[in-house]
K.L.:
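First, the structure itself, so that you have it in front of you.
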Amino acid sequence: MVRAGRSTYSSVAITLHWVIGLLIIANIALVLAGGPMTWHKSIGITVLVLSLLRWAWRLGHRPPPLPASVRSWEKGLAHALHWTFYLLIVLIPLSGWAMSSGSPKVRPLQWFGLFDIPFLPVERGGALYAASHEFHEIMGLAMIGLIALHIAGALKHQLIDGDATMHRILPIVSPPKG
Ligand code: HEM
């Protein structure tokens, strides 16, 4: 549960934030570089599982408040972006899974070659397949812009505003003094 006065996210939330974030960036880079699709799918399914854990953790653990100096429009933008991420980190891999399940070309789906991942009940070549394909490509690429905005915001708080925003999610970065 929430501990009064805490200034950072919980260690579970911090770990999931960095692991999910780095896996998503790696997975986008991998697919754009034309790397092996079996890896793209396996990393993506891993992100899906970790993101569902993140959702479950978020239900019982509220983030620490933003520093009081953060302006209200910035709070609004940050919250809108965070909730968009909560949605997309589940919906992007889920749409990839649905797309692979409903692809007219049947390809085996495995997790790093270790075990089979079941296909979702999506009609091959049907409307749900087409919609998931569109969603996955558009939102997968949109994620690049959203991540860039998120990182730009974090750096602005650290380097320009000099507030304690970054410390909440990366406690080794000390909150600025004074
Ligand atoms: C972290 C989660 C994921 C992200 C951020 C992501 C992102 C992307 C991006 C950016 C593309 C390229 C779109 C384009 O160039 O037009 C792509 C393509 C693709 N993804 Fe994912 N993906 C994720 C998870 C998955 C999963 C779980 C699967 C399947 C199990 C999957 C299957 C595919 C396939 C098959 C394509 C190629 C689509 C095509 O051109 O036909 N992805 N993904």
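Fair warning: this is a prediction, and the values are worked out from it, not measured in the lab. Residue numbers count from 1 along this sequence.
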K.L.:
Is the shortest heavy-atom distance from the side chain of T8 to the side chain of I169 under 4.5 Å?
P.N.:
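No, side chains not in contact.
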K.L.:
On a heavy-atom basis, which atom in K105 and which in R124 lie closest, and how many Å separate them?
P.N.:
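The answer is O-NH1, 4.0 Å.
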K.L.:
Determine whether W57 and V49 fall in the same hydrophobic cluster, where Ile, Leu, Val, Met, Phe, Trp and Tyr are linked whenever their side-chain heavy atoms lie under 4.5 Å apart.
P.N.:
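Per the 4.5 Å side-chain linkage, W57 and V49 are not co-clustered.
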K.L.:
Are any non-hydrogen side-chain atoms of L88 and M143 less than 4.5 angstrom apart?
P.N.:
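They are in contact (side-chain heavy atoms under 4.5 Å apart), so the answer is yes.
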K.L.:
With a 4.5 Å limit on heavy-atom distance, are the side chains of R54 and V90 in contact?
P.N.:
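Counting from C-beta outward, R54 and V90 never come under 4.5 Å.
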K.L.:
So do the side chains of H136 and H133 get within less than 4.5 Å of each other, counting heavy atoms only?
P.N.:
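The answer is no, as the side chains (C-beta and beyond) never meet within the 4.5 Å cut-off.
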K.L.:
Report yes if the side chains of V122 and M99 come closer than 4.5 Å at any heavy-atom pair, otherwise no.
P.N.:
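No, every pair of side-chain atoms sits at 4.5 Å or beyond.
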K.L.:
Return the CH2 to CZ distance between W83 and R58, rounded to the nearest 0.5 Å.
P.N.:
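Taking CH2 in W83 and CZ in R58, the distance rounds to 4.5 Å.
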K.L.:
Looking at H167 and V173, would you say the former's side chain and the latter's main chain have a donor-acceptor pair under 3.5 Å?
P.N.:
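Side chain of H167 to backbone of V173, a donor-acceptor pair under 3.5 Å: yes, one is there.
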K.L.:
What's the spacing between E74 CD and S69 OG if we round to 0.5 Å?
P.N.:
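Interatomic distance, E74 CD to S69 OG, rounded to 0.5 Å: 8.5 Å.
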K.L.:
Between CZ of F119 and OG of S103, what distance do you get to the nearest 0.5 Å?
P.N.:
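It comes to 8.5 Å.
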K.L.:
Would you name the heavy atoms of S42 and F112 that are closest together and state the gap between them?
P.N.:
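S42 and F112 have their closest heavy atoms at OG-N, 2.9 Å.
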K.L.:
Give the intermediate values and the outcome of side chain to side chain contact (heavy atoms under 4.5 Å, CB included) for residues L155 and M166.
P.N.:
CA-CA 8 Å; L155 291 177; M166 191 84 106; 4.1 Å; yes
K.L.:
For a 4.5 angstrom cut-off between non-hydrogen side-chain atoms, does I24 reach I92?
P.N.:
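Heavy-atom side-chain distance check fails, nothing below 4.5 Å.
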K.L.:
Indicate the atoms forming the closest heavy-atom contact of R168 with P65, along with that distance.
P.N.:
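Scanning both residues completely, I find the closest heavy atoms to be NE-O, 3.5 Å.
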K.L.:
Please work out which of the three classes, parallel, tilted or perpendicular, describes the rings of H150 and H17, given edges at 30° and 60°.
P.N.:
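If you compare the ring of H17 with that of H150, the planes turn out tilted.
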K.L.:
How far does CG of D163 sit from CD of Q158, to the nearest 0.5 angstrom?
P.N.:
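Taking CG in D163 and CD in Q158, the distance rounds to 8.0 Å.
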K.L.:
Who are the side chain to side chain contact (heavy atoms under 4.5 Å, CB included) partners of L50, not counting sequence neighbours?
P.N.:
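By the side chain to side chain contact (heavy atoms under 4.5 Å, CB included) rule, L50 matches L16, V19, I20, L23, T46, L53.
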K.L.:
Mind listing the closest non-hydrogen atom pair of Y86 and W55 along with its distance?
P.N.:
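Taking Y86 first and W55 second, the nearest heavy atoms are O-NE1, 3.0 Å.
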K.L.:
For the residue pair I28 and G140, what are the closest heavy atoms and their distance?
P.N.:
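Closest approach of I28 to G140: CD1-O, 3.8 Å.
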K.L.:
Within a radius of less than 6.0 Å around CD of Q110, do more than 12 heavy atoms belonging to other residues, nucleotides or ligands occur?
P.N.:
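It does: Q110 CD has more than 12 such atoms within range.
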K.L.:
Same cluster or not: are L77 and I151 linked, directly or through other Ile, Leu, Val, Met, Phe, Trp or Tyr residues, by side-chain heavy atoms under 4.5 angstrom apart?
P.N.:
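L77 does not cluster with I151.
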K.L.:
What I'd like to find out is whether the side chain of N27 reaches to under 4.5 Å of the side chain of V47, using heavy atoms alone.
P.N.:
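Side chain of N27 against side chain of V47, heavy atoms only: no contact under 4.5 Å found.
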K.L.:
Are F115 and I45 connected in a single hydrophobic cluster, I mean Ile/Leu/Val/Met/Phe/Trp/Tyr linked by side-chain heavy atoms less than 4.5 Å apart?
P.N.:
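Same cluster.
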K.L.:
Pick from I117, L128, V106, L120: which one makes a side-chain contact (heavy atoms from CB on, under 4.5 Å) with S101?
P.N.:
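The residue from I117, L128, V106, L120 that satisfies side-chain contact (heavy atoms from CB on, under 4.5 Å) with S101 turns out to be L120.
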K.L.:
Determine the minimum heavy-atom distance between S95 and S132, stating which atoms define it.
P.N.:
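Between these two residues, the closest heavy atoms are O-CB, 3.4 Å.
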K.L.:
When rounded to the nearest 0.5 angstrom, what distance separates CG in L87 from CG in L94?
P.N.:
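It comes to 11.5 Å.
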K.L.:
To the nearest 0.5 Å, tell me how far T38 OG1 sits from I43 CD1.
P.N.:
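Separation between the atoms: 9.5 Å.
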K.L.:
Under 4.5 Å between any side-chain heavy atoms of S100 and K41, yes or no?
P.N.:
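Yes, close enough: below the 4.5 Å cut-off.
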K.L.:
Are I14 and L66 connected in the hydrophobic side-chain network, where two residues link if heavy atoms are under 4.5 Å apart?
P.N.:
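Different clusters: I14 never reaches L66 through Ile, Leu, Val, Met, Phe, Trp or Tyr contacts under 4.5 Å.
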K.L.:
Check for me, please, whether W39 and L114 land in the same ILVMFWY cluster - side-chain distances under 4.5 Å, paths through other members count.
P.N.:
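Yes; L114 is reachable from W39 via cluster members.
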